[in-house]
Each structure stands twice: as structure tokens, then as C-alpha cells.
There are 2 protein chains.
Amino acid sequence: MTRPQLDEMNCAIARTLDVIGDRWTGLILRDVSLGITRFDAIQRDLGISRRVLSERLATMVDHGILQRVAYQTAPARYDYFPTEKGADLGLVLLAMQAWGNRWLFDDEEVPLLLRHASCGNEVSPQIACPECGEELRPQDIVPVPGPGGVDDSAELTAALERWSQPGG
Amino acid sequence: MTRPQLDEMNCAIARTLDVIGDRWTGLILRDVSLGITRFDAIQRDLGISRRVLSERLATMVDHGILQRVAYQTAPARYDYFPTEKGADLGLVLLAMQAWGNRWLFDDEEVPLLLRHASCGNEVSPQIACPECGEELRPQDIVPVPGPGGVDDSAELTAALERWSQPGG
DNA sequence: CAAAGTGAGTTCCAAAATGGAACTCATAAG
DNA sequence: CTTATGAGTTCCATTTTGGAACTCACTTTG
């Protein structure tokens, strides 16, 4: 086993990390979403090695989160755009940005704010419960086994049982 | 420059990725949050190399997202718990889980659902605008420069200008 | 009392991933 | 004819990783 087989783990977080769990993929997606869509522009903006950028773009296309669109032929030149699947990762990026703004910058040093286009307000996104509308804090959430059954490790099984105990 | 200096980039996502941007940190935090709090238990659950786990736990403590608490001395043995800063990363993990459940599993194969404790419903978290309450989709958000000024790359400056143009 | 088990690491090596610079190839611009 | 642009690829030295074995301080089992 060379890289860990995260994509075969029975866990949505593990499989998601198989797609975006490295230092560059998230930043490439950010650039592409902001409109920095070409190889050289991304390379200059991030300072990433061309070798790694080339390989990352290819796996992102493989994973279906980016699409590669020629804007000219002879010589072939390309833009990269997020697919729907890739754009949907925007929520993950937003959550990272909100966390980074809160914990890694002083208030007056925050480099980029997020504005909700339809209401015009600056926002630090909160996750809300789509059922009751309340703010959803991580500590308000309990994990419950899904329909996919649980062929989990002994450790996880034990941990999940602890959640369903009274004191959980 | 050995590792890329993401933590010095003027970008909240980059700095956040400096903290959690690898294949293991998110999963370790998941385990610890679920109640798998000890070295050997995490190692068995994830199948991570002991060498890497040891190093990751140390940097997570350095970054202030985990705390290491002795539950016995002689020999010293430890639990790891999320700090407030670490627990706050839960939103990022929730967003990853929601994305993974949606895009990487068939409906009937989803291994773990999330239940909102106070309302009892299963949820796939949505990000909501705290100002107007509407669901916040990534495409509804425009980036605007924050108080920290922008000593950005030419690429990013150009991209941000494009956002504020009519067609943006 | 000896042997085996538990828990949290550390040490070592081979294999894989990375950064960075130089190179390629096609075409356009001066 | 020289330089520039854009999207890569090739090569090498350095880092990071996986994995197995080892350590050290007890505790439990027989």
C-alpha cells in the first residue's frame, strides 16, 4: 500500500480527504473559483511547483471536480473550471475561510471577507439545520449509523456506542 | 523552502490548510471528536503509521487544536481532546462529510448520518447567511477585500477586479 | 516469580512525493 | 531573428511517508 487507501474507507470524511486532503488541491479550487483558471496564472499565484500543479490538475479532473476546456487550438491552451461537484466543495472552502478568519488573523488583518450577493451583508457562514433552522454547532450533532451498514473498526463501534449511552 | 509556507500567505484558506491540509489531520480530529482519544486507539482505527501519528499529534497540539491530558502517570498515558479552536474546525469536517455523503456514496451506502440533537432530525448541513437566514450557496458569495489590505498577487488582484465588474 | 499484555512512543530503512530549475514545443509579436 | 506566452515534461536532490521492529514502564495472568 503506497498512499493510504482513504478512498476505500467506509467514511465520508476519509473519502473526501482522498479528493482534497493535501496542501494544494483546496487552493487550486479556490483560484479556479475566483477566476484564475489557467495553468501559468495558477502557478504564479500560488507559487506551486509546475510538476505538482500539472499532476494535481489531472487528478482533480479525474475526480470530476474540475473540467478542462480548450480556449484555443494550435497550440492547445486550456481553462479549468469547477464542475457542479467541484463547486459544491465551495462549502468546505467557505468553512475553512470562516475558521481561518476567526482563528488565524487578528480582526483588522483579515484579507478577504465574504459578502452574500443577495442581501449585501458580510457573512461568516454558519451551518444551519435545514429542518429546524437553528444554528448547527458541531457539538449539537450526534453521529448515527447510516443505511450503508457499519463494517467499522472496533474503535469506532465502541465510540459510537458511547454516544448512544445516557452520558454521551 | 522545504514545505510551502502556506501559513504566511495572506489568505485564510491557505493558512487553514497549513493546519489541516493533509490526509490525516482531519481524520485524527474526527476520531478525537468521536471519542477515540488515545494514541493506540487512533492508530488502530485509522491504520496510520505510528511515526506519522506521533508527529501529527504534536503539531496539532502546537497549533492549539488538540490538548494532551494525562489520565495516569508512571507510566504517563494521555488522552487527546479538541480545544475550542479545534472543535470549531468541526464545521469544516461537517461540510466534508456532507459533501462526501452526497458525491462519494450511493444513498443506500452512506455509512454515517448526522442527527441534530435538539430537533432529532437527520441533517445534511447547509450553510446559512446569519444576516438574512437564506441558504448560502457558494455561488451566491462574492469575495471583497478585508481590512487587512491586499498585498496579493497580480493574478488575484485581477481576479477580484473582475468580480466587481458588471458581468462579474 | 516469570511471561505476556498494554500504551505511548522512537528508530531505522526503503519507497514515494515534493520543490525547483531547466527544457520542450507551438505560435505570436516586435 | 529574437523574445515572449502558455502548458506542460524531465531530472535531481531533499522531504515525507509507510511499516516493521524496538524501548520503557508498568499491569495482569498463570
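Letters A, B, ... are given to chains in the order of the sequence lines, protein chains preceding strands, and every chain is numbered from 1. None of the values given here were measured: they were computed from a predicted structure.
In this structure, CG of A:Asp45 is placed 15 Å from P of D:dG6, rounded to the nearest angstrom. The CD atom of B:Glu155 sits 13 Å away from the C1' atom of D:dT5 (whole-angstrom rounding). One can place CZ of A:Arg44 at 12 Å from C1' of D:dA4, the figure rounded to the nearest angstrom. At whole-Å resolution of the value, CD1 in A:Ile42 and P in D:dT5 are 18 Å apart. Per the geometry, CD1 belonging to B:Ile48 stands 7 Å off P belonging to D:dG18, to the nearest Å. Distance, B:Asp22 CG to C:dT18 P: 12 Å, rounded to whole Å. To the nearest angstrom, P of C:dG19 lies 11 Å from CG of A:Leu53. If you measure from atom CD of B:Gln43 to atom P of D:dG18, you get 11 Å, rounded to the nearest angstrom.
Taking 4.0 angstrom as the limit, B:Arg56 places a side-chain polar atom (N or O) nearer than this to OP1 or OP2 of D:dT17.
Looking at B:Arg15, its side chain does come within 3.5 Å of a backbone N or O of B:Met9 through a donor-acceptor pair.
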Readout for nucleotides 8-13 of chain C: B = base within 4.0 Å of protein heavy atom, S = sugar-phosphate only, - = neither; 5' to 3' it is BBBBB-

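B:Arg30 has a carboxylate O that lies under 4.0 Å from a charged side-chain N of B:Asp45, or vice versa, which qualifies the two as a salt bridge. Electrostatic pairing of A:Arg56 and A:Asp22 counts as a salt bridge here, judged by a charged N lying under 4.0 Å from a carboxylate O.
In this structure, A:Glu8 has no salt bridge (charged side-chain N to carboxylate O under 4.0 Å, His left out) partners at least two apart in sequence or on a different chain. Every residue was checked against the salt bridge (charged side-chain N to carboxylate O under 4.0 Å, His left out) condition with A:Glu134, not counting sequence neighbours, and none meets it.
Comparing D:dT17, C:dG19, C:dA26 by their nearest atom to the side chain of A:Trp24 picks out C:dG19.
Judged by closest nucleotide on DNA chain C, A:Gly47 is the one of A:Pro75 and A:Gly47 placed further toward the 5' end.
B:Thr59 and B:Asp62 form no side-chain donor-acceptor contact under 3.5 Å, judged by distance and modelled atom types alone.
Residues A:Leu17 and B:Met96 meet the side-chain proximity criterion, which asks for heavy atoms closer than 4.5 Å.
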